[in-house]
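Here's the structure we're looking at; comments come further down.
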Amino acid sequence: MFLLGIVTLFAALGIAGSTPSCYNGVNGNPPLCSTCSGACTQAGCTCSNNTSCLPDAGMCSLNSSTCCLPNLSWNPDLVCCTADPYCSTACLADEVCQYVNQTAICVANTTYYKSQDVYNTSYSLVCKGSNMTISVGKNLLEVLHYKPSASTLLHSNCSGAVESILQGQRVYSLTVQTGSGVCGNKIVKNNTHVSYTNAINIPANTDNGLVGAGNLSIEFSCTYNISMWTSLTTVLNPVMSTENLNSGGSADALTSLAAFTNPSYTNPMLQSQSQDLDIGSTLYFGMSTQFADPAFVLRVDQCFATPTSDGSGSIKVQLIQGGCATGDGPYIKVVENGVSKEVRFSIASFSFQNYNSVYIFCDARLCSHSSGKCSSCASSRDVSEEPTRFSVGPFTFVDTQDNSAIFAKGLPFTVLLISLLGSLTLISEF
Ligand SMILES: *[C@@H]1O[C@H](CO)[C@@H](O)[C@H](O)[C@H]1NC(C)=O
Ligand SMILES: *[C@@H]1O[C@H](CO)[C@@H](O)[C@H](O)[C@H]1NC(C)=O
Ligand SMILES: *[C@@H]1O[C@H](CO)[C@@H](O)[C@H](O)[C@H]1NC(C)=O
Ligand SMILES: *[C@@H]1O[C@H](CO)[C@@H](O)[C@H](O)[C@H]1NC(C)=O
Ligand SMILES: *[C@@H]1O[C@H](CO)[C@@H](O)[C@H](O)[C@H]1NC(C)=O
Ligand SMILES: *[C@@H]1O[C@H](CO)[C@@H](O)[C@H](O)[C@H]1NC(C)=O
Ligand SMILES: *[C@@H]1O[C@H](CO)[C@@H](O)[C@H](O)[C@H]1NC(C)=O
Ligand SMILES: *[C@@H]1O[C@H](CO)[C@@H](O)[C@H](O)[C@H]1NC(C)=O
Ligand SMILES: *[C@@H]1O[C@H](CO)[C@@H](O)[C@H](O)[C@H]1NC(C)=O
Ligand SMILES: *[C@@H]1O[C@H](CO)[C@@H](O)[C@H](O)[C@H]1NC(C)=O
Ligand SMILES: *[C@@H]1O[C@H](CO)[C@@H](O)[C@H](O)[C@H]1NC(C)=O
Ligand SMILES: *[C@@H]1O[C@H](CO)[C@@H](O)[C@H](O)[C@H]1NC(C)=O
């Protein structure tokens, strides 16, 4: 089979080696357009009686293979159709211009690859931001009877490989976003790094009924430093709220408020973990923005908690005011605010012992370093950036010490009622 391929190729090279000339048909068939009052349109060149004709040199102003019949190529130097294949974009060093499906395209030069002893199935991986791009060389794989254009990731519905030229090689690339489960991504995480692993599956080419090679699978992985932001993509369903901050429309300012379970803010709290929290536990809240401009930092102006999901009502515990922990909140600790792209604060849930269901609201904005006020404890009224509101919740609590404590403390009836309504809302929402 392979020998036959080489013989065919030599024949093709023989033709390619001759000096190309305009194709004039055989015994006036097909006729030249000048002999039958022909004309060329987007649909091709035709005689006045609608049969196809060959454009005379310089006649077809479309200047493309649209002018030519199948198995012929438009040659822009000769401005006519030739029998020799002519590829409109130059082929690479390991390619030849050949007819495939009656159209001239660049394909792998089989003799070039046949002369190599080592088959180097090299691939390239780019880990950029939250994208992983895997690229595999097209030509060698095709010579080895694979079909890289049909490559998929671990989930076979992640397909659509894109052809491009990378470092002088024609490649097919697939891009997958980092994130748990995306296209079959697998995650390995330790205290400092997170790795996402997937695999590109290159199917064997069975177009010619050939059944030989099995599918080729190449595993790849990208490793990132763990940070508040990257940790959020390592889990499904974190307690998280994501908004685009008002950044004057200049650039992407995706920002997230999320709850964490550890003081290094790298273990996101799952939605399933936000119920029946021990009333004594500490909740860690982190915000992180993707806004890249180094002239700006992230600042939270205020945060408060309410038993209601819309933040309204008279029951409200102010947590952060003017960028700093409120005086009446001894259990609130602002770890970092207005100094970087991240904000961190923690709340001991004793603060909420009057409620069994709590929503947290925060107003955050980008703050210009040059103002010198981004980390100050003051309500900055003179800012141009409107804050954006984030909310997460509900968090529900159980008093593992003594469930009757709430009643023993003789809370006002309204407080209890509102807590209960909070729980009811929760039930009806899910
Ligand atoms: C159309 O015209 C060409 C050239 O005059 C001729 O060779 C061909 O037979 C004609 N075809 C029909 C269907 O009349
Ligand atoms: C050629 O085709 C066009 C449209 O397809 C038609 O209108 C026209 O009558 C045809 N002419 C002849 C000579 O068949
Ligand atoms: C035809 O296209 C080629 C490039 O594709 C260009 O170099 C050439 O000048 C064009 N010729 C005409 C007559 O437009
Ligand atoms: C084009 O060439 C191929 C192979 O040489 C041949 O099988 C096919 O019939 C040709 N097609 C046309 C429209 O001439
Ligand atoms: C050639 O055409 C066939 C049928 O339309 C298609 O299945 C095949 O993928 C094509 N080959 C290439 C290289 O485009
Ligand atoms: C294909 O590769 C062979 C071996 O390297 C080389 O001799 C030949 O010139 C190449 N063909 C083309 C069209 O580049
Ligand atoms: C395989 O390709 C890579 C990248 O093109 C190159 O660095 C490496 O030396 C090649 N290995 C062999 C055995 O050719
Ligand atoms: C990631 O990939 C998506 C589409 O695949 C693209 O829109 C986005 O710009 C890419 N992001 C980066 C940082 O390359
Ligand atoms: C892709 O396949 C996975 C399972 O194989 C499935 O969960 C997912 O919904 C599919 N996605 C699409 C867009 O079909
Ligand atoms: C965490 O994983 C990274 C990357 O896999 C590795 O380099 C590092 O040594 C690991 N650290 C620990 C403490 O295991
Ligand atoms: C190879 O991949 C194709 C398409 O992705 C799939 O249909 C086929 O079952 C796979 N074959 C093997 C042996 O894994
Ligand atoms: C990852 O962390 C190490 C050690 O903290 C640091 O030197 C390196 O620059 C970080 N890399 C990135 C891409 O942030």
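One is the number of the first residue; the rest follow in order along the sequence. These values consider heavy atoms only, across backbone and side chains, with no hydrogens, waters or symmetry-generated copies. Each ligand, and each atom within it, is numbered from 1 in the order the structure gives.
Across S124, S151, S135, a single residue satisfies side chain to side chain donor-acceptor pair (under 3.5 Å) together with S173, and that is S135.
Between I187 and T233 the shortest heavy-atom distance is CD1-O, 3.9 Å.
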C33 vs M59, test: side chain to side chain contact (heavy atoms under 4.5 Å, CB included). Steps then yes/no. CA-CA 9 Å; C33 295; M59 174 198 162; 3.6 Å; yes
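The aromatic rings of F304 and F361 lie parallel to each other, their planes meeting at an angle below 30°, with 60° marking the opposite boundary.
Short contacts between ligand 6 and T111, defined as distances under 4.0 Å to a heavy atom of the residue, involve ligand atoms 1 (C), 2 (O), 3 (C). The ligand atoms of ligand 6 that sit less than 4.0 angstrom from a heavy atom of N109 are 1 (C), 2 (O), 3 (C), 8 (C), 10 (C), 11 (N), 12 (C), 14 (O). Shown in contact with V96 at under 4.0 Å from a heavy atom are these atoms of ligand 6, numbered in order with element: 11 (N), 12 (C), 13 (C). Per-residue contacts place Y112 under 4.0 angstrom from the following atoms of ligand 6 (heavy atoms of the residue considered): 2 (O), 4 (C), 5 (O).
Checked by distance only, ligand 1 and T35 stay at 3.5 Å or farther apart across all their nitrogen or oxygen atoms.
A distance limit of 4.0 angstrom between heavy atoms and ligand 4 selects the residues N71, Q102.
Contact annotation: for C36 versus ligand 1, heavy atoms closer than 4.0 Å belong to the side chain alone.
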Return a table of donor-acceptor pairs under 3.5 angstrom between the side chains of residues 158-168 and protein atoms on other chains or two or more places apart.
residue : atom : partner : partner atom : Å
E163    : OE1  : Y172    : OH           : 3.4
E163    : OE2  : R170    : NH1          : 3.2

For residues 335-342, run the donor-acceptor check on the side chains, cut-off 3.5 Å, and write out each pair with its distance to 0.1 Å, sequence neighbours left out.
residue : atom : partner : partner atom : Å
E336    : OE2  : S340    : OG           : 2.4
N337    : OD1  : V300    : N            : 2.8
N337    : ND2  : V300    : O            : 2.9
N337    : ND2  : G323    : O            : 3.0
S340    : OG   : E342    : N            : 3.0
S340    : OG   : E342    : O            : 3.2
K341    : NZ   : F291    : O            : 3.2
K341    : NZ   : D293    : O            : 2.6
K341    : NZ   : F296    : O            : 2.7
E342    : OE1  : R344    : NH2          : 2.6

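Residues that satisfy the ring pair (Phe, Tyr, Trp, His ring centres under 6.0 Å) test with Y99, not counting sequence neighbours, are absent from this structure.
Under 4.0 Å is where a charged nitrogen must lie from a carboxylate oxygen, and between D301 and R299 at least one such pair does.
In this structure, cysteines C40 and C67 have SG atoms that are not closer than 2.5 angstrom.
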